[in-house]
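Read the structure below first, then the notes.
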Amino acid sequence: MMTLILLAVLISAYLMAIARRAPSLLANFRYQSFLLFLITLINGLSGRHIELCLVAILILVLKVFLIPHFLDVTARRINVDENLGLIINSQLSLVAALVVTYFSWSFSRGLVFGHENSLIAATVSLSTVFIGGFIMISRMKALAQVAGLLVMENGIFLLATSVAGEMPFFVEISVFFDVFVSVIVMGLFVYRINRLFTHIDVNKLSELKG
């Protein structure tokens, strides 16, 4: 079951990599975050770690409900064009995501793991991190870049919980707080850019040079 959930996380990352519009990107981020909630909850229940169960609840509240809702409200408030402004088209984006997955798998094979699930988890985690970074650099709209950063954080958290074991509880809480505050700040930043320049295409910022 865990393997299927991990593969679903990877598929959601692929769907975000090829997403052309903001609603699709945010919907798949919400879906990926829900899968991360399931993984964390299963790990917490199977290992009887109350801290992980509490973190799973935080994931559900913050990443499945609050953060996607906040980003969606921000997008509507600034009347952002749903088009994400792809620098690389969907087909090439999927190819890039598959290549990233292959290299992540090759790298993970070189590490020492006790069982196959850890190898799959490492591959999915690293792929998610790199795909999140790819989204950040291959999309012109700031909203997509915020989502890419959140995808990277999902991958890092998955790697910590599925491969390295559970992180200290207060470290997990601090990470969630930092991510939540960062999203709010970036959302306000995007809103401010739109008010000043009437768009959120970050390429236009280059016109401010000189």
Side-chain angles (χ1 to χ4, degrees), residues 1-44 52 55-72 75 82-84 86 88-105 107-108 116-139 141 143-163 175-176 179-180 182-183:
M1 179 179 178
M2 183 63 74
T3 300
L4 292 177
I5 298 177
L6 288 170
L7 292 177
V9 170
L10 185 59
I11 291 173
S12 68
Y14 291 159
L15 292 175
M16 281 185 276
I18 65 175
R20 296 175 178 269
R21 299 186 177 278
S24 176
L25 183 67
L26 293 179
N28 283 297
F29 169 73
R30 189 192 297 267
Y31 172 62
Q32 184 183 80
S33 298
F34 179 74
L35 294 171
L36 190 63
F37 155 75
L38 290 180
I39 292 173
T40 308
L41 183 63
I42 291 172
N43 287 337
L52 273 183
V55 170
I57 295 174
L58 282 176
I59 293 175
L60 184 66
V61 173
L62 291 179
K63 291 192 172 184
V64 178
F65 293 110
L66 291 184
I67 290 178
H69 175 71
F70 175 76
L71 292 177
D72 184 58
E82 289 187 352
N83 192 336
L84 295 175
L86 276 65
I88 302 175
N89 64 37
S90 296
Q91 291 78 10
L92 289 179
S93 295
L94 180 58
V95 171
L98 292 172
V99 170
V100 162
T101 301
Y102 172 75
F103 282 110
S104 298
W105 175 74
F107 176 77
S108 299
E116 184 179 357
N117 276 343
S118 294
L119 174 60
I120 296 174
T123 301
V124 172
S125 301
L126 291 175
S127 298
T128 302
V129 171
F130 292 129
I131 290 173
F134 174 78
I135 292 173
M136 290 186 67
I137 65 176
S138 64
R139 303 295 183 267
K141 297 298 176 67
L143 185 68
Q145 296 173 357
V146 172
L149 179 62
L150 292 171
V151 173
M152 291 182 67
E153 199 278 330
N154 275 355
I156 294 172
F157 181 84
L158 179 60
L159 185 66
T161 56
S162 297
V163 177
V175 169
F176 276 111
V179 169
F180 187 58
S182 298
V183 169

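In this chain, residues are counted from 1 in sequence order. Remember, it's a predicted structure, so these values are computed and weren't measured experimentally.
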field: Gly44 to Leu52 - nearest heavy-atom pair and separation
entry: CA-CB, 3.7 Å
Please list every donor-acceptor pair under 3.5 Å in which a side-chain atom of residues 4-13 meets a protein atom from a residue at least two apart or in another chain.
residue, atom, partner, partner atom, Å
Ser12, OG, Val9, O, 2.5
Ser12, OG, Gln32, NE2, 3.2

task: May I ask you to check whether Phe37 and Phe34 place their ring centres under 6.0 Å from each other?
output: yes
query: What closest approach, in Å, do Ser125 and Gly155 show between heavy atoms, and which atom pair accounts for it?
result: CB-O, 3.6 Å
- prompt: Looking only at side chains, do Tyr14 and Thr101 share a donor and an acceptor under 3.5 Å apart?
  reply: yes
- prompt: Side-chain contact, heavy-atom cut-off 4.5 Å: Leu126 with Ser108?
  reply: yes
Full working for side chain to side chain contact (heavy atoms under 4.5 Å, CB included) between Asn154 and Lys63: CA-CA 9 Å; Asn154 275 355; Lys63 291 192 172 184; 2.6 Å; yes
query: Side-chain contact, heavy-atom cut-off 4.5 Å: Arg20 with Leu25?
result: no
- request: State, yes or no, whether a side-chain contact exists between Ile67 and Leu150 at a heavy-atom distance under 4.5 Å.
  value: yes
message: If I compare all heavy atoms of Gly133 with all of Met152, which pair ends up nearest, and what's the gap?
response: N-CG, 3.4 Å
- prompt: Which distance, rounded to the nearest 0.5 Å, do you find between the CD1 of Ile135 and the CD1 of Ile88?
  reply: 11.5 Å
- request: Identify the two heavy atoms, one from Arg30 and one from Val64, that lie closest to each other, and give their separation to 0.1 Å.
  value: NH1-O, 2.6 Å
- prompt: Does any non-hydrogen side-chain atom of Ser24 lie less than 4.5 Å from one of Leu15?
  reply: no
message: Are the side chains of Met16 and Ile131 in contact, using a 4.5 Å heavy-atom criterion?
response: no
- request: May I ask you to decide if Arg139's main-chain N or O and Gln145's side chain share a donor-acceptor pair within less than 3.5 Å?
  value: yes
- prompt: Under a 4.5 Å cut-off applied to non-hydrogen side-chain atoms, are Ile156 and Thr128 in contact?
  reply: no
Residue list, ring pair (Phe, Tyr, Trp, His ring centres under 6.0 Å) with Phe134, at least two apart or on another chain: none
- request: Using a 4.5 Å cut-off on heavy atoms from C-beta on, say whether the side chain of Ile18 contacts that of Gln91.
  value: no
task: Flag the pair Met2 / Ile42 as yes when at least one side-chain heavy-atom distance between them is below 4.5 Å, and no otherwise.
output: yes
field: Separation of Leu36 CG from Leu41 CG (nearest 0.5 Å)
entry: 11.0 Å
message: Evaluate Trp105 against Ile120 for side chain to side chain contact (heavy atoms under 4.5 Å, CB included), listing each step before the verdict.
response: CA-CA 8 Å; Trp105 175 74; Ile120 296 174; over 6 Å; no
